[in-house]
Amino acid sequence: MSGSERPDRTLSRRALVLGTGGSLGYAWTVAALSTWQQHTGLDVRDADVIIGTSAGSIVASALASGVAVDDLVAHLLEPREHPPSGTRPRRRGARGGLPPLPRVGPGSVRLLREVARHPRRFPPFAVASALLPIGRADTTGVIRLVSSFAPETWPAPPTAPELRIVATDYDSGARVPFGRQGAPPASCAEAASASCAVPGWFSPVRIGGRRYVDGGVCSATSADLLLGSDMPALDEALVLVPLARRGRAHLTGVGAAADGLFRGMVGARSAREIARLREAGLTVTSHAPGPEERAVMGWNVMDARRQADVVRTALRTTAQWWSRKDRDT
């Protein structure tokens, strides 16, 4: 994957917000960005600000490092050869679709104490993450991938957009936007690995002596960070929420019902953040997977074996969506 020449920025100052979504949300996001580019004639790398959470942090790191989104599409669609099953090395990641058995006991007693002291301060997902046991999978795959294209130094203006990668401090529950002044120093690979550390699945990632887990614990998108004093004045934002849903849910079975409920909760919080952006005067275009895309994803968005199928489906469905005159923004 490599960068390529692109036109100058337009006068409109744009932000790109890429939400959490697991392995399949990553695939959907890449496809949606590709078709958005085709529809608008703009290059997503020309955004003035990029915020990435969990799976979105990998895409954000790539774009801020100059990688073309269509190179990300090609990487997901290229055939991958595997060694015979008897010689295949054991992995401690999410490639097989299911995690290794976690450790016993709650993942963060300190966070549970903070919740007990200030119960209204924390969203439900933060409470659930503290109760989940420590996962045994690791995020070395994220580190290897992001290190393959991102520099050791943090991308920054004027040669790169303002980049924020969001993770959650696992002992305080605080949202930490890496890349913001005052945040712990980290490379893109380190920050992305922390942002992708799903509680109960992956082990927390240590940066600067602190433990960090998936940024989606605090917010699936953290779109409200665009209103911070550290941000430039912005005119518009594209917000992708791969863990939300668009259209009616077609529920069959307990897993599908739980997935629909979860996506509804994610979408509701994201909608509140988007409403704040619009109240502040930003023109916001948002999108989430529709019924056909969710049917291909299934309930387990961590099952990377479906990535190519999700990309192929989303390249078609998102292209149709951007072209609809009656779509909501």
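What you see below is based on every heavy atom in this structure, not just the backbone, and it leaves out hydrogens, waters and symmetry mates. Every value quoted in this text rests on a predicted model; they were computed, and no experiment measured them.
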Side chains of S187 and E152, donor plus acceptor under 3.5 Å: no
Contact summary for A192 and V146, nearest pair of heavy atoms: CB-CG2, 4.0 Å
Full working for salt bridge (Lys or Arg N to Asp or Glu O under 4.0 Å) between R13 and D48: CA-CA 6 Å; R13 297 181 66 82; D48 297 276; 3.8 Å; yes
Residue pair I51, L18: steps toward the side chain to side chain contact (heavy atoms under 4.5 Å, CB included) verdict: CA-CA 6 Å; I51 295 175; L18 308 175; over 6 Å; no
pair I274-V284: side-chain heavy atoms closer than 4.5 Å: yes
Closest approach of I207 to P185 (non-hydrogen atoms, all atoms of both residues): CG2-O, 3.8 Å
From R306 atom CZ to R312 atom CZ, the distance as rounded to the nearest 0.5 Å: 14.0 Å
Interatomic spacing from OG1 in T139 to CG in D214 - rounded to 0.5 Å: 11.0 Å
Straight-line distance of I165 CD1 to S61 OG, nearest 0.5 Å: 3.0 Å
4.5 Å side-chain heavy-atom contact, P99 and R136: no
Pairs touching residues 221-230 that satisfy salt bridge (Lys or Arg N to Asp or Glu O under 4.0 Å), sequence neighbours left out: R164-D230, R175-D224, D224-R276
Donor on one side chain, acceptor on other, T285 and E236, under 3.5 Å: no
Trace of the side chain to side chain contact (heavy atoms under 4.5 Å, CB included) decision for V205 with E190: CA-CA 8 Å; V205 173; E190 291 170 330; 5.9 Å; no
Within-4.5 Å side-chain heavy-atom neighbours: P119 and V127: no
F178-Y170 co-clustered via ILVMFWY side chain contacts under 4.5 Å: no
Residues R14, D46: salt bridge by 4.0 Å N-O rule: no
Which atom of R278 lies closest to which atom of S286, heavy atoms considered: NH2-OG, 4.4 Å
Closest non-hydrogen atom pair, R45 against G66: NH1-O, 2.8 Å
Presence of salt bridge, R269 and E273, under 4.0 angstrom: yes
Approximate separation, where rounding is to 0.5 Å, of L277 CG and T283 OG1: 11.0 Å
Minimum-distance pair of heavy atoms, taken over all atoms of P151 and S65: CD-OG, 3.5 Å
Residue pair V301 / W28, side-chain heavy-atom distance below 4.5 Å: no
N/O donor-acceptor pair under 3.5 Å between T313 side chain and D309 backbone: yes
Heavy-atom check, side chain of L112 versus side chain of P106, under 4.5 Å: yes
Working for side chain to side chain contact (heavy atoms under 4.5 Å, CB included), residues W321 and T35: CA-CA 9 Å; W321 176 254; T35 55; over 6 Å; no
H287/W322 aromatic ring centres below 6.0 Å: yes
Electrostatic pair R210:D169 at N-O distance under 4.0 angstrom: yes
CZ-OG distance between R110 and S172, expressed to the nearest 0.5 angstrom: 10.5 Å
Connected via hydrophobic side-chain network under 4.5 Å: V217 and F262: no
Side chain to side chain, V166 and L225, heavy atoms closer than 4.5 Å: yes
hydrophobic_cluster_shared for L77 and V30, side chain cutoff 4.5 Å: yes
Linked, directly or transitively: F149 and L63 (ILVMFWY side chains, under 4.5 Å): yes
C188 side chain near P155 side chain, heavy-atom distance below 4.5 Å: yes
Polar side-chain atom of S54 near backbone of T20 as donor-acceptor pair, under 3.5 Å: no
Partners passing salt bridge (Lys or Arg N to Asp or Glu O under 4.0 Å) against D70 (at least two apart in sequence or in another chain): none
Closest approach of G21 to L243 (non-hydrogen atoms, all atoms of both residues): CA-CG, 3.6 Å
Step-by-step side chain to side chain contact (heavy atoms under 4.5 Å, CB included) determination, Y26 to L72: CA-CA 10 Å; Y26 169 83; L72 298 176; 3.9 Å; yes
Min side-chain heavy-atom separation V73-V311 under 4.5 Å: yes
R113 side chain to S108 backbone, donor-acceptor under 3.5 Å: no
Residue list, salt bridge (Lys or Arg N to Asp or Glu O under 4.0 Å) with E292, at least two apart or on another chain: R316
Separation of M265 CE from S270 OG (nearest 0.5 Å): 11.5 Å
Hydrophobic cluster membership, V213 vs V176, 4.5 Å side-chain cutoff: no
Donor on one side chain, acceptor on other, D138 and S203, under 3.5 Å: no
Donor-acceptor pair, side chain of S219 and main chain of T221, under 3.5 angstrom: yes
Expected output: side-chain E293 to main-chain V310 donor-acceptor under 3.5 Å: no
